There are 2 protein chains.
Amino acid sequence: MTIRHLKIFLAVAEYKTMSAAAEKLYISQPTVSQAIRELEEHYHGLLFERLGKKLYLTEMGKILLTRSRDLVQEFQRLDDSMVEQGKKMMLRLGSTLTVGTCLTPEIILHLEEKFPGIEVRSYVSNTQEIEEKLLKSELDAAVVEGEVQSPDLVVLPIVEDMLVLVCGQEHAFYTEKMLLKEALYYQKFAMREPGSGTRQLFEEYRKVHQIPIEISWEANCPRTLINAVLYNKALSVMSFRLLKHEIRHDKIRIFLEQNKEWNRKFKLVYHRNKYLTPVIRELEMYLHQCKKMELSVKYGWIR
Amino acid sequence: MTIRHLKIFLAVAEYKTMSAAAEKLYISQPTVSQAIRELEEHYHGLLFERLGKKLYLTEMGKILLTRSRDLVQEFQRLDDSMVEQGKKMMLRLGSTLTVGTCLTPEIILHLEEKFPGIEVRSYVSNTQEIEEKLLKSELDAAVVEGEVQSPDLVVLPIVEDMLVLVCGQEHAFYTEKMLLKEALYYQKFAMREPGSGTRQLFEEYRKVHQIPIEISWEANCPRTLINAVLYNKALSVMSFRLLKHEIRHDKIRIFLEQNKEWNRKFKLVYHRNKYLTPVIRELEMYLHQCKKMELSVKYGWIR
DNA sequence: CTTGGTTACGTTACCCGTAAAAATT
DNA sequence: AATTTTTACGGGTAACGTAACCAAG
């Protein structure tokens, strides 16, 4: 027995004659007749009494009528809503903290504009957790700044990024145009926690150039670090992309590392077996378009 | 889209692989694969992500899972309960030969009138086979004239019946009003086969009263016996109920046994665990109504 | 004579299985 | 190499329409 039989039965019950039901259903009358007969044979009982040319529901028919109404309706609603659902695009997007702060918001805005009705879910965490979720297919794609380990993930280093040194108005560096590495010695820094991509890159730089500093702030929130710079005369090193959004009218000054040692890339990551939906392809296109980004504020250099 | 698709989908979601689902559903694996694909095409969206050989439910799949579970279950319950309902409108009725000949036809007519659309299946055989089929639940109920052995069967002796002696126009008894037992000595009888209830009762009577006779006809068909009486001057002993239908305008005469030694009862029989459907209850009611039956022809007595 | 249901029959489409290929572990 | 999904193809049957028939107003 199928939903089809019930639909036909309901139509017959509603329109009182098989001919009318057939017309409403856009099928032939004998087909309706046969469907009803199949139901009756399957249930071993008549659903309609045929007296003359009128049909009367039997007791069995009445029972079936009330119960199948809800069932068929519910089936139809499920079907409709799933078709609706299919039309909706969805993206479960992962990002690491820096990316999630400075890039993900505009990514989502762009996708929402490109695909009206899309549902984007954003998950921000460290690279390792992002990786795991990609492998478990709990995320469709992610944009990260750290290094990805799993060979089952496709990594596309698309977006250029760069760390900058940042200081506040009250800091001695504020008026400088050029700093030597030695100027950083024993300065107070506000830095991301160990394990973050930003911190790792900076630590590598310090190690290579043997630069002793003092980490007086540690936080995983960029805004916290910027506040430390603004109000506590700390220095910090972070992505210039973070500053575009965070500084607004705040009085800060930034310095670029002259040898591009602070350059890095944000990577688009997804499972190598991932079916690339239009949404994901659009995401990649958009990231290419974000590749370069000009610095809209004045800056100095570190040499 | 059909319930079938949802059932397959549910199995795959439950067993995590299409192969396992196919096995559980007793269908081939490609069939499962195809059904899932049809669903996905119909909804314009993936239900499972295929990463390697593992399947992961997509968001769409999760939605479909929760909603289709209830739906399919409800569908199944409706179907089952309707089939149940159908059984209640069906009666598999057994009867022994005498009953099947004279009583069952009117029983069926009555039930069909009372329950339009009912399906009555009639099975006529000897008491022993009827018993076996009742015990195997191949019959819902039966009406028999013989003795029932099994303690698992409920026996309700409802309908009064009586054997009568019957002779034809050319027989010497035809003009008699009263016969003595001795008159039966060495008469030619047409009788039912040994083992029939009628024959057993008559043999018991003969044994008690030491009546020697000659069995010159033996048949299991009442009409055959009556013909022997009509055309071959045989005597016979059978239920008076048989004669009501069989004699019509035939010239016969019947004699009742004065001491009611030929009285017996038809019994309604069913399994003691049988659920008494409306149909069976109506059957019992109807039999009560058949309890007594007046003899519409003239008759004599045996003393 | 019209309307509505059933029966009969042929066509189409779908369901499903087997076999083979592709992909992943 | 083994397991699982996908693809390809063919046979059987279920769905459906047409036509003819039947029954009731």
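These numbers were taken from a predicted model, which means no experiment stands behind them.
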Over-ring placement of K136(A) relative to Y56(B), 6.0 Å and 45° cut-offs: no
Gap between atoms CG and C1', on N273(A) and dT6(D) respectively (whole Å): 14 Å
N or O in side chain of R50(A) less than 4.0 angstrom from dA23(D) OP1/OP2: no
Length of the line joining Q34(A):CD and dC9(C):C1', which is rounded to integer Å: 12 Å
Touch class at under 4.0 angstrom, heavy-atom based, for T17(B) against every strand present: sugar-phosphate
Side chain of E38(B) - closest among dA8(C), dT18(C), dC15(C): dC15(C)
Whole-Å gap separating P (dC16(D)) and CZ (R37(A)): 15 Å
Sugar-phosphate only, base, or nothing, as touched by S28(A) at under 4.0 Å among non-hydrogen atoms: base
Within the 6.0 Å centroid threshold, strictly below: Y270(A) and Y275(A): no
Residue met sooner reading DNA chain C from 5', once R272(A) and I8(B) are mapped to nucleotides: I8(B)
Atom-pair distance (CZ on R4(B); P on dT13(D)), nearest Å: 16 Å
Touch class at under 4.0 angstrom, heavy-atom based, for E23(A) against every strand present: nothing
Sugar-phosphate only, base, or nothing, as touched by S19(A) at under 4.0 Å among non-hydrogen atoms: sugar-phosphate
Per P30(A) side chain, nearest of listed nucleotides dT18(D), dA15(D), dT18(C): dT18(D)
E40(B) bridged to R50(B) by N-O distance under 4.0 Å: yes
Spacing between L47(A) atom CG and dT6(C) atom C1', to the nearest angstrom: 16 Å
Donor-acceptor pair between E23(A) and Y15(A) side chains, under 3.5 angstrom: no
Touch class at under 4.0 angstrom, heavy-atom based, for Y26(A) against every strand present: sugar-phosphate
Heavy-atom pair of closest approach, residues G195(A) and Q200(A): O-NE2, 3.6 Å
Length of the line joining M18(A):CE and dC16(D):C1', which is rounded to integer Å: 16 Å
N/O (side chain, T31(B)) to phosphate O (OP1/OP2, dG17(C)) under 4.0 Å: yes
Distance in angstrom units between E49(B) CD and dT6(D) P, rounded: 13 Å
Interatomic distance where CD1 belongs to I36(B) and C1' belongs to dT5(D) [whole Å]: 12 Å
DNA chain D: 5'-proximal contact among I27(A) and A20(B) (nearest heavy atom): A20(B)
